[in-house]
Each structure stands twice: as structure tokens, then as C-alpha cells.
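This report refers to the structure that appears directly beneath it.
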Amino acid sequence: MASVDPARYINTPVGDQIAFYLALAAWALKRYGLSATLLNLIHKHTADLNLQARSLILRGWLHATAGKLEHQLESTLRALALLESHEEADVGLMAMALRILAALARDRLDLAALAAVERHTNFPWTSSLVVERFQVARTIAWARAMHGDYIRAGEEFNAARRLAPTPHLQTLAHLDRAWLAQISHESLHARLELREAHLCAEQIDWEKASDDEIGALILAAELTAETDPEKAQALLDLASTMSIKHSAGFAHDDRLRAFSLAAESAVLKARGQKRVAIRRATEALDIFASVGYQWRAANIALSLHEMTGKVSWLNIIGDVSAAYPRSFIAAEYERLSTTGRSAIETLTNRQREIVSLIRDEGLGNDGIAQRLVMSANTVRIHKQKIFRAFRVSNEFQLLAKLNSLAS
């Protein structure tokens, strides 16, 4: 494609179509600048609404590649609006737009994307769109769970499972239910769904795979890690040997690596290899945060807080819980931030000594400094960290919280 002259393909219906497929090929080959140039020319010249919408969706993929998911949302919403206004809209293209919006509603907890998909509850799914129908249904169920609507999420996960047309997707459907049961603290149900997922996976000849199929293996590994880290590691090993045969994004950025790192961290954590688990989880969190996968980043922060006890991870969780107060992330944040035991667990041994001296002996900064052989300034630094852990501003509030927890 090095000698492509973009302008020569524009200004005729056939030429516009050729330009689009060149733009798609350029994107697949990671020639993002050339792809964007072609899309700009198409936008200026074509009157074909379906092609305009198709180009907007591809432009959204370019935005996603750059980690600009808010721009992908804007482009995809514009594409859907064009298709809605077109009497001869490409139904398959509309299904693709709905699937992208459903994923944005899930991964970014985006209400605008969720509302756009919900407007199409009576979408005319055809038999050729069975995979897209399943994926939209399950992804919207995930979005509902993220927003704390667990009952409706469970109903929609069940509906999606009935639509799953292949063993790969049936595996995903059982994993979805296992995940929902896990965050709802239904451990028996989670184990049963995981068992069904593994039975489905054993029937599959895993060869060259799509995003969804590799994603199923990684999700299975993450959910299995706590109870069977060896099986989880085997699933990760299998996923690492597979190459993606088609992709709407994972081949173009680090998201798949982030999912793998999160699952690997869960396996290492279950094996007691905490130090390496923390490194893997931190790397995964950075990637998810960079592409706007807020709930994923917060979920990893929960694990990091559990492994390290550091308040900094709790702050990340709090940012997400404030935006989505009905989510399971918010419930976990409330539990951690209001439980004295959890606050104490976030402190160092020296900070716990300081708490004891404040509570039991009523010592001030100078008295604590003398007792622990440190400077008064060092005591003040420790106390600020203690106040943050208990979410208080001064010693009076700290003593009040400690007394309320003791009672």
C-alpha cells in the first residue's frame, strides 16, 4: 500500500467503496494515518449514507486504537443516527454499531451508549446476525450489572445464554453468569456455572481464534484462579498460543494484554506469589485506566488493596464508586471505607502503634515522638496517613470513629 494515491479512488460510487476498503485494509495493517486520510476524503465526497456510517464506525476504531473511547462513542452514535434516518439502512451495519455501543456501555459505564442501545430493543435481528444478537444481549447484561441492576442483569444473561449459537459463545455465557454470581457472593452458583463453562470449553477444538474466543479463555482463567490456579494457568497458556483471526480492536492496542495480566495476577495471588501478582495487576490497571475501562481498573484496584493494604488503591476505587453509586465497586468501597478493621489493615505496624498510643494513652505528637524515638514531624506525616485511612480530619474524629467501632 506504499504507493496508494487516495484521491484517485474518490468521486464515484465504486471509487468511494474502493477507498473505504483501502482504508479498512490500512487500518488492519496499522497504517492509521493512511486510513484516516482515506476516511476524510470519503466524508467529503460520498452521498451514500450506509458508506458514511461505515466510515464513521471505522473512524471510531481509529479513535479506540489511540485510547480515545469518548471519540469512538461520538463517531458510533453519529453512525447509528445516519442509519436510523436511512430507509435502506444496512441492517448488519446497524447491528455492528449496536454491539460497539453495548461494549462502551459496559466497559466505560456510559449511559449515553446504554440509552442508544435500549432504543433498539425491537431491532429486526435476522438469522445471519445471531452472533451479533448474542453479543449485544450479553454485553448489555454486563452494563446493567455494572450499574447495580443485578436482577435484570441476571435475566438478560439467561436470555443471552439461550441465544448462544456455538460452544465458544456458550462458554462465554456460562462465564458471564459465574462472574455475576461471584460479585453477588453466590459462591455455589459461581462454581456450578464455572463447571458448565469448562465442560463447554472441553468440547472445543481451540485453534486460530477470534477476540471473543480468546477472551473466553482469559475470563475463565481469571474466574477459576482462586479455586484451581493450575487449571487457570493452563487456560492462560492455551490463550497465549492462539493468534487472533479477526479483530475489531484487540490486535491494535494493549487491552488483550491487560486482560491477560489481570488473569495472571489472579493466578499468582492464589499461589501466594504476592509480589509478582502486584506487579502484574499494577500494569493491567495502568492499561485499563489509559483506555477508560473504569470498572476494570477499579476491580483490579480492589485486588491491589487486598494484597497491599495501601490507601492509594482505595482512592481509585472511590473515584469510580462516586460516579456509579449502585455498582458492586461502590458496595465494596463502602464496605472497605466504613469498616475499622479494613482501615487498620491499610496501616503499617508503626502507624498501628501510633493509633494505640493516641487511643490508649492519649499522647500528643511530642509524646509519641519520644516513645517511638522519632521526630515530631515524622509523627505528623504518619498521622496524616492514619487520618486518610479512617477518612477523618483530626484526632477527635479518629477517637470517635475508634470508639464507635469498638462498641
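Heavy-atom basis, side chains included; hydrogens, waters and symmetry copies ignored.
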- Query: Would Gln233 and Asp237 count as having a side-chain donor-acceptor pair, cut-off 3.5 Å?
  - Reply: yes
- Task: For Thr46 and Ile42, indicate whether the former's side chain and the latter's backbone hold a donor-acceptor pair under 3.5 Å.
- Result: no
- Query: Who pairs with Trp125 by ring-ring contact (aromatic ring centres under 6.0 Å, His included), at least two apart in sequence or on another chain?
  - Reply: Phe123
- Query: Under the 3.5 angstrom rule, does the side chain of Ser303 hit a backbone N or O of Asn299 as a donor-acceptor pair?
  - Reply: no
- Message: Treating Arg177 as the side-chain partner and Gly154 as the backbone partner, does any N or O pair qualify as donor plus acceptor under 3.5 Å?
- Response: yes
- Query: Would you say Trp295's side chain and Val320's backbone share a donor-acceptor pair under 3.5 angstrom?
  - Reply: no
- Minimum heavy-atom separation for Ala284 to Ile300, with atom names? CB-CD1, 3.7 Å
- Task: Return the minimal non-hydrogen interatomic distance between Leu98 and Val117, and the atom names on each side.
- Result: O-CG2, 3.7 Å
- Hey, does the side chain of His86 reach the backbone of Leu82 with a donor-acceptor pair shorter than 3.5 angstrom? no
- Item | Side-chain heavy atoms of Ser240 within contact of Leu236, under 4.5 Å | no
- Between the side chains of Thr224 and His198, does any donor sit under 3.5 Å from an acceptor? yes
- Item | Straight-line distance of Thr166 OG1 to Gln203 CD, nearest 0.5 Å | 11.0 Å
- Message: Just by distance, no angles: are the side chains of Glu193 and His189 close enough, under 3.5 Å, to form a donor-acceptor pair?
- Response: yes
- Test side chain to side chain contact (heavy atoms under 4.5 Å, CB included) applied to Lys383 and Thr378, step by step: CA-CA 9 Å; Lys383 283 173 67 175; Thr378 300; over 6 Å; no
- With sequence neighbours excluded, tell me which residues meet side-chain hydrogen bond (donor to acceptor under 3.5 Å, both in side chains) with Arg78. none
- Task: For Arg152 and Glu155, run salt bridge (charged side-chain N to carboxylate O under 4.0 Å, His left out): C-alpha distance rounded to whole Å, both residues' side-chain angles, the deciding distance at 0.1 Å, then the answer.
- Result: CA-CA 5 Å; Arg152 193 167 178 186; Glu155 293 171 349; 5.8 Å; no
- Item | Spatial distance of atom OG1 (Thr76) from atom CG (Leu56) [nearest 0.5 Å] | 8.5 Å
- Message: Quick check: do Gln397 and Asn394 have side-chain heavy atoms less than 4.5 Å from each other?
- Response: yes
- Query: Does Leu304 offer a backbone N or O that forms a donor-acceptor pair with the side chain of Thr308 under 3.5 Å?
  - Reply: yes
- Message: Please give me the minimum heavy-atom distance between Ala116 and Leu77, naming the atom from each residue.
- Response: CB-CD2, 3.7 Å
- Task: Take Leu163 and Val130 through the side chain to side chain contact (heavy atoms under 4.5 Å, CB included) test and state the conclusion after the steps.
- Result: CA-CA 7 Å; Leu163 295 170; Val130 62; 5.6 Å; no
- Task: Could you give me the CA-CA distance, side-chain angles and deciding distance for Phe259 and Leu219, then say whether side chain to side chain contact (heavy atoms under 4.5 Å, CB included) is met?
- Result: CA-CA 8 Å; Phe259 287 120; Leu219 180 59; over 6 Å; no
- Message: Restricting to non-hydrogen atoms, name the atom on Ala277 and the atom on Lys269 that form the minimum distance, rounded to 0.1 Å.
- Response: CB-N, 3.7 Å
- To the nearest 0.5 Å, how far apart are CZ in Phe20 and CG in Asp48? 11.0 Å
- Task: Apply salt bridge (charged side-chain N to carboxylate O under 4.0 Å, His left out) to Arg138 and Glu156, showing your working.
- Result: CA-CA 7 Å; Arg138 70 177 286 262; Glu156 294 188 1; over 6 Å; no
- Task: Look up atom CD1 in Ile368 and atom CD1 in Ile358, then write down how far apart they are to the nearest 0.5 Å.
- Result: 4.5 Å
- Message: Taking salt bridge (Lys or Arg N to Asp or Glu O under 4.0 Å) as the criterion, tell me which of Glu230, Glu226, Glu264 meets it with Arg271.
- Response: Glu230
- Message: Whether the side chain of Ser35 engages the backbone of Tyr32 through a donor-acceptor N/O pair (distance < 3.5 Å, no angle test) should be reported.
- Response: no
- Hey, does Ile218 have a side-chain heavy atom less than 4.5 Å from the side chain of Leu256? yes
- Query: Does the side chain of Thr171 come within less than 4.5 Å of Leu217's, by heavy atoms?
  - Reply: no
- Item | Arg31 CZ to Leu22 CG distance, which is reported to the nearest 0.5 Å | 11.0 Å
- Message: Donor-acceptor pair, distance only, cut-off 3.5 Å: does the side chain of Asp254 make one with the backbone of Arg257?
- Response: no
- Output yes when a side-chain donor or acceptor of Gln351 lies under 3.5 Å from a complementary backbone atom of Thr348, and no otherwise. yes
- Task: Measure across Leu223 and Leu194 and return the closest heavy-atom pair with its distance rounded to 0.1 Å.
- Result: O-CD1, 3.5 Å
- Message: As an exercise, state the distance from NE2 of His63 to CD of Gln72, rounded to the nearest 0.5 Å.
- Response: 8.5 Å
- Query: Take atom CG in Asp366; do more than 12 heavy atoms of anything else shown fall under 6.0 Å from it?
  - Reply: no
- Going by heavy atoms in the side chains, are Leu372 and Leu357 under 4.5 Å from each other? yes
- Query: Can you tell if the side chain of Asn377 reaches within under 4.5 Å of the side chain of His382, non-hydrogen atoms only?
  - Reply: no
- Message: Once you measure the plane-to-plane angle for Trp142 and Trp179, does it fall in the parallel (<30°), tilted (30-60°) or perpendicular (>60°) bin?
- Response: parallel
- Is the shortest heavy-atom distance from the side chain of Met96 to the side chain of Glu132 under 4.5 Å? no
- Message: Counting only heavy atoms from other residues, nucleotides and ligands, does the tally under 6.0 Å from CD of Gln370 exceed 12?
- Response: no
- Looking only at side chains, do Asn158 and Arg161 share a donor and an acceptor under 3.5 Å apart? yes
- Do you know which two heavy atoms are closest between Leu93 and Asn50, and how far apart they sit? CD2-O, 3.4 Å
- Message: Just so I know, are the side chains of Tyr293 and Ile287 near enough to count as touching, which here means a heavy-atom distance under 4.5 Å?
- Response: no
- If you measure only the distance, is there a donor-acceptor pair under 3.5 Å linking the side chains of His120 and Glu84? yes
- Under 4.0 Å between a Lys/Arg side-chain N and an Asp/Glu carboxylate O for Glu353 and Arg350? yes
